[in-house]
Visitor: 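The structure is given below, and queries will be raised subsequently.
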Amino acid sequence: MSNVRKIIAEKVASTNLSGTIAIPFDFKKLRGKITPSGTTRIPEENIDIIRKPDVVLVPHNPIGRVCSWFMGFFVYGIYNSQNKLNKELTSVLLESERLADEREELLRRISDLDIRLMKMEKSK
Amino acid sequence: MRVVQILVTLSFGDAVSNDCLAIHKLLEKNGYKSSIFAENIDKRINASYVKKYSSLPKLKADDVILYHLSTGSELNLKVKDFPCRKFLIYHNITPSHYFASYNGATTKLCAMGADETILLKDTFEAGFCDSQYNLDELRKIGYTCPLVVRPILIPFEDYKKKPSQEVVDKFGSNKDLVKNVIFIGRIAPNKCQEDIISTAYAYNKLYGDEKCKVRFILVGSANGTEKYLSELIAFAKILELDNVIFTKQIPFDEILGFYKTADCLLCMSEHEGFCVPLVEAMCFDVPILAYKAAAVPETMGDSGVLLETKDPATSAMYLHEILFEKDLRSQIIEDERERLKRFSYDVVSKEFIDTLKQYIEGVKS
C-alpha cells in the first residue's frame, strides 16, 4: 500500500488551518427540538441566526394541527422563555419577500388540508 | 439436514438482506437444502425459498439455523428454544442513544437488541461476524463460542447494471467546473450527516473562490428518521449552503449513477459494523475519505484516507487534496482496487462455506 495518507496528513498539517473554521450554528441546538406536530422550536436567543431570508417560516398556531403532514417541510415558530409562541417575531420573519412563493404554496396546501380535516371531523 | 436462515426483516437492497440472499444461493450451490424465514418480507422479494416466519416448519435436531442478528425483536429470544443447531451471523446493532431524540420505536428496538444480544450469549454453537469490531463486541459481552470474521457477501454483479442515464447526464457533466462528493447510506444520526454539512461549510469558506465548485450529495432514505432529516435540511439552510443535496430514497439505478459520477465518498459515520458503501465506492473507483470510527478503518484496510478528527477545516482540506491532486487520487484508487480483492465474492463465499462446513460437519477443507 502507498503512503498517500502520510503525504496528505503532512500537507494539511503544514497549512496551519486546522481548527480555523468555526461553524456559526451548533447542530445540537436543533437536535430533538421538533415537536410531535412537526414544528421546530427555535429559542429567541437564536433569532438572529435564523432571521435569514431563505429560511422557510410559517406561523405555528394556525397550522399546528396539520404540521406533521408536511414531512418535507420544516416549520419554525419562535418561542420565548415561557415556551409560548412569540407572535411578534414570527410575523416579522414572515414578511421576507424572498420567501413569498414558497410560503404561499405551503400555506395553500395547509389550508387545503385543514379544510379536508374539518370535513373529516364533521362527517364523524 | 436443512439450513434455515432466520431474520427479522428481509428488505430490498439493504446489506443484511443482500447477505442473506447471497448466502442462500451459496448454500444451494454447495448442496445444502436452504430456505429463508423472516417476520417482515419486502413485497418486491418474490422467491419460493423466502417465507414468513409464521410458517416455519417444525425443526429437527440435525437442522441448522443461521440467525442474522441486527436489531431488537421478540424473535431474538425465540431462537433459544429451537430444538436444532444454531449459528449466529452478527451484523451489529446501532447504539440506541443515537436515535433517542428522533424515533422512539427505533430507540427501543436498538436498546432491546443490545439486551437480547447479551441474553443470547450461550445460545449459539458458533458464529460469523462482519468485522473484527463486531467480533470484539461479542467477546466483550461474554460470548465464548467460536467466532470468525467473515465480511458481508456483496453482490458485485449488481453494480454492473446500467446506471440511471438521467443522473449520469445531470451530475456527470461539467466535471471541470463542479465535483461531486457523495455519501450513500440511510439518513441516520449514527452516520452523522451533519458533519458532512459542516465540512461543506468549511470547504466553501476555504475554497469558495476557486473556479471548480463542489457539491455534497447525501443519498439515502430517511424512512423513520424524518426528524433528523428535517434538522439536517434546516442546518444546511441556516449555514446558507446551496451545494448540499438530499436525494432521499432513490431507485438502485440512480444510486449507481451517483457512484459513477462521484469524485469522492465522504463518510463521517461514528458507528458502522462493516459499512458496505465503502466497498461499493472501491468498486466504482471512488476515492474515500472517512472518519476513523468503529469498523470503518478495518473495512478500509490500508486504502483510502482516514480522518482522525471531525474538525471541519481539516476534513475540508483533506477533501480538497483528494479531489484535485491527480497523483494522489490515482494512488488512492490503486490502493482501493487492491483492498477490494479482500471482499471479492469468491474469496468471501469460500471463507463462509469452508467455515460453515467446519462448524456443522467438522470438516476441515
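We name chains A, B, ... by the order of the sequence lines, and we start the count at 1 in each one.
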Visitor: Check each atom of I197(B) against the heavy atoms of chain A and say whether the ones under 4.5 Å are side chain, backbone, both or neither.
Guide: neither
Visitor: Could you tell me which residues satisfy side-chain hydrogen bond (donor to acceptor under 3.5 Å, both in side chains) with T94(B), sequence neighbours excluded, listed by chain and number?
Guide: none
Visitor: Sort L17(A) into side chain, backbone, both or neither according to what part of it lies under 4.5 angstrom from a heavy atom of chain B.
Guide: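 When you check distances to chain B, atoms from both the backbone and side chain of L17(A) fall under 4.5 Å.
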Visitor: Give, as side chain, backbone, both or neither, the part of L239(B) having an atom under 4.5 angstrom from any heavy atom of chain A.
Guide: side chain
Visitor: Do R186(B) and D14(B) sit within salt-bridge range, that is, some charged N less than 4.0 Å from a carboxylate O?
Guide: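 Judged by the 4.0 Å cut-off on N to carboxylate O distance, R186(B) and D14(B) do not form a salt bridge.
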Visitor: Can you tell me which portion of E308(B) sits under 4.5 Å from chain A's heavy atoms? Options are side chain, backbone, both or neither.
Guide: neither
Visitor: Is the distance between the ring centroids of Y201(B) and F25(A) under 6.0 Å?
Guide: no
Visitor: Closer than 3.5 angstrom, by distance alone: can the side chain of E336(B) be matched with the main-chain N or O of I288(B) as a donor-acceptor pair?
Guide: yes
Visitor: With only heavy atoms counted, which part of A9(A) is less than 4.5 Å from chain B, the side chain, the backbone, both or neither?
Guide: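 Answer is both: backbone and side chain atoms of A9(A) are under 4.5 Å from chain B.
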Visitor: First locate atom OH of Y318(B), then atom CG of L323(B), and finally report the distance between them rounded to the nearest 0.5 Å.
Guide: 14.5 Å
